[in-house]
Amino acid sequence: MNGKYIQVKKILELIKDLSQNCVQIDAELQKVEQQLSEFDCFARDIDQNQHTIDQLHNKLTNYHTEIKKLSASLDEFEEFIAPDITQHLKDIELKVEKLLDKMEEHYRAFKKAKTIRSDYLYNTEKVSCWINDAEEKL
């Protein structure tokens, strides 16, 4: 009887933690999604962009890991958990994966913008040197 009580108490704590974590993670994912939509790959401050994209990547990776842990802890008590809670967790997991894909697209665009900017600066410097050499020869 005492063992059943402990198991039921553990299940109830798991459900409570799971629902609180799902709501919290979902709210944080809304913020990350907003930040991703506002992210400008071609902004002038390259260092700030690098910092922002790294920070978003770390957040999403942490949330993905946390959701995997929640899912793993849920497997043991799956028959006691309501299907809507399980579905909510799966929806959040899909949302994180979708945001990770979106973030990767932004990261590729950022790298492309960085390459274009550095090529432009390099070519501008080359043209400037060529003009200076031409002026000296004249």
Side-chain angles (χ1 to χ4, degrees):
M1 183 80 151
N2 196 19
K4 289 282 187 183
Y5 173 76
I6 292 172
Q7 185 177 14
V8 169
K9 188 175 178 180
K10 188 175 180 182
I11 292 170
L12 288 175
E13 287 177 15
L14 176 71
I15 291 171
K16 182 181 171 187
D17 290 345
L18 180 65
S19 62
Q20 288 175 348
N21 285 345
C22 284
V23 169
Q24 181 184 8
I25 290 172
D26 200 19
E28 289 295 321
L29 289 177
Q30 294 284 343
K31 291 177 187 175
V32 169
E33 188 172 22
Q34 180 68 27
Q35 288 175 324
L36 269 176
S37 66
E38 293 172 355
F39 182 73
D40 181 17
C41 303
F42 300 99
R44 286 187 176 262
D45 193 357
I46 294 173
D47 293 332
Q48 178 63 37
N49 270 2
Q50 183 71 49
H51 176 72
T52 302
I53 202 132
D54 289 342
Q55 185 181 23
L56 290 174
H57 183 269
N58 290 338
K59 280 183 182 179
L60 287 173
T61 304
N62 290 340
Y63 291 136
H64 192 258
T65 304
E66 190 172 337
I67 289 171
K68 290 291 184 186
K69 287 179 186 177
L70 287 172
S71 293
S73 66
L74 193 80
D75 289 343
E76 183 180 346
F77 303 107
E78 191 167 356
E79 65 269 2
F80 301 110
I81 308 295
D84 59 330
I85 294 174
T86 307
Q87 186 60 41
H88 189 192
L89 186 63
K90 288 179 183 178
D91 291 343
I92 290 174
E93 186 174 7
L94 288 173
K95 188 174 186 176
V96 168
E97 290 174 3
K98 199 159 87 170
L99 285 173
L100 279 168
D101 289 342
K102 189 176 180 181
M103 200 257 343
E104 286 298 321
E105 289 176 21
H106 282 296
Y107 188 71
R108 282 192 297 273
F110 168 69
K111 285 182 82 172
K112 182 178 178 181
K114 190 175 173 181
T115 302
I116 289 169
R117 188 170 275 135
S118 66
D119 287 350
Y120 172 79
L121 292 174
Y122 173 75
N123 289 332
T124 303
E125 185 66 30
K126 268 178 85 172
V127 168
S128 178
C129 288
W130 179 78
I131 289 172
N132 287 338
D133 288 345
E135 285 177 347
E136 285 179 12
K137 288 180 182 177
L138 291 176

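One is the number of the first residue; the rest follow in order along the sequence.
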### Message
Rounded at 0.5 Å granularity, tell me how far NZ in Lys95 sits from CD1 in Ile25.
### Response
11.5 Å

### Task
Go through the steps for Glu104 and Arg108 under the test side-chain contact (heavy atoms from CB on, under 4.5 Å), then give the verdict.
CA-CA 6 Å; Glu104 286 298 321; Arg108 282 192 297 273; 3.9 Å; yes

### Query
Any side-chain heavy atom of Lys111 within less than 4.5 Å of one from Tyr107?
yes

### Closest contact, heavy atoms only, Cys41 versus Ala113
O-CB, 3.5 Å

### Task
Quick one: pull up CD in Glu97 and NZ in Lys102 and give me the separation to the nearest 0.5 Å.
16.0 Å

### Task
For the residue pair Asp91 and Gln87, confirm or rule out a side-chain donor-acceptor distance under 3.5 Å.
yes

### Message
For Thr124, is there any backbone N or O sitting under 3.5 Å from a side-chain donor or acceptor partner on Ser128?
### Response
no

### Under 3.5 Å side-chain donor-acceptor pair for Ser37 and Glu33
no

#### Entry: Check: Asp26 and His88 side chains under 4.5 Å, non-hydrogen atoms
yes

### Query
Rounded to the nearest 0.5 Å, what separation is found between the CD atom of Gln35 and the CD atom of Gln55?
6.5 Å

### Task
Using a cut-off of 6.0 Å, state whether more than 12 heavy atoms not belonging to Lys114 lie near its atom NZ.
no

Return all side-chain donor-acceptor pairs below 3.5 angstrom for residues 60-70, not counting sequence neighbours, or 'none' if the list is empty.
unit_1	atom_1	unit_2	atom_2	d
Thr61	OG1	His57	O	2.7
Asn62	ND2	Asn58	O	3.3
Tyr63	OH	Glu28	OE1	3.3
Thr65	OG1	Thr61	O	2.9
Lys68	NZ	Glu93	OE2	2.7

### Query
With sequence neighbours excluded, what pairs up with Gln30 under the side-chain hydrogen bond (donor to acceptor under 3.5 Å, both in side chains) test?
none

### Query
Counting only N and O atoms by type, is there a donor-acceptor contact under 3.5 Å from the side chain of Asn49 to the main-chain atoms of Asp40?
yes

### Query
Could you give the distance from CG (Asp54) to CD (Gln50), rounded to the nearest 0.5 Å?
4.5 Å

### Query
Nearest 0.5 Å, what's the CG-OG1 distance between Leu36 and Thr52?
10.5 Å

